[in-house]
Amino acid sequence: RLTYSNRFKVVMPQIMNVPGFEGIRIHSGNKPEHTEGCLLVGKEVGDEVHKSRDTYNDLMDVLEGVYKTEKIHLTIK
């Protein structure tokens, strides 16, 4: 779902229905210390995540475009 984050003060993707977890978000960040169990997005991954903010903005454009008319499913393998 796209929900308001009290921590970040903006609407962000929130991952729902994860057993034993609440408040998992998808957001930008570059290093492991930028996440507390949330998913960081980027286009290049090595020791750090690169192009994260641009990738996040692209993802939000897509999600905001379909959120009101379609269900969004995330599969992690």
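What's counted below: heavy atoms across the whole structure, side chains too, no hydrogens, waters or symmetry copies.
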If you round to the nearest 0.5 Å, how far is [atom2] of [Y] from [atom1] of [X]?
X     : Y     : atom1 : atom2 : answer
Ser28 : Asn57 : OG    : CG    : 7.5 Å
Leu74 : Ile24 : CG    : CD1   : 10.0 Å
Tyr67 : Met60 : OH    : CE    : 10.0 Å
Lys31 : Asp47 : NZ    : CG    : 11.0 Å
Cys38 : Phe21 : SG    : CZ    : 10.5 Å
Gln14 : Thr3  : CD    : OG1   : 4.0 Å

task = Indicate yes or no for a side-chain donor-acceptor contact from Arg25 to the backbone of Leu39 under 3.5 Å, with no hydrogens or angles considered.
result =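 Pair absent, no side-chain N/O of Arg25 close to backbone of Leu39.
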message = Under 4.0 Å between a side-chain nitrogen and a carboxylate oxygen: does that hold for Glu36 and Arg7?
response =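 Looking at Glu36 and Arg7, the cut-off is met.
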key: Sidechain N-carboxylate O distance under 4.0 Å for Asp58, Arg53   =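 Salt bridge absent between Asp58 and Arg53.
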query = Is the gap between the ring centers of Tyr56 and His27 under 6.0 Å?
reply =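 Not close enough - the centres of the two rings lie 6.0 Å or further apart.
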query = At their closest point, which heavy atom of Glu48 faces which heavy atom of His50, and how far apart are they?
reply =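 Closest approach of Glu48 to His50: O-CD2, 3.5 Å.
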request  = Quick one: list whatever passes side-chain contact (heavy atoms from CB on, under 4.5 Å) with Val66, sequence neighbours left out.
outcome  =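 Scan of Val66 (side-chain contact (heavy atoms from CB on, under 4.5 Å), adjacent residues dropped) gives Glu70, Ile72.
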key: Residue list, side-chain contact (heavy atoms from CB on, under 4.5 Å) with Leu59, at least two apart or on another chain   =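 In terms of side-chain contact (heavy atoms from CB on, under 4.5 Å), with neighbours along the sequence ignored, Leu59 is linked to Ile26, Val41, Leu63.
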inquiry  = I'd like to know whether NZ of Lys71 has more than 12 heavy-atom contacts from other residues, nucleotides or ligands below 6.0 angstrom.
reply    =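 Result for NZ/Lys71: open.
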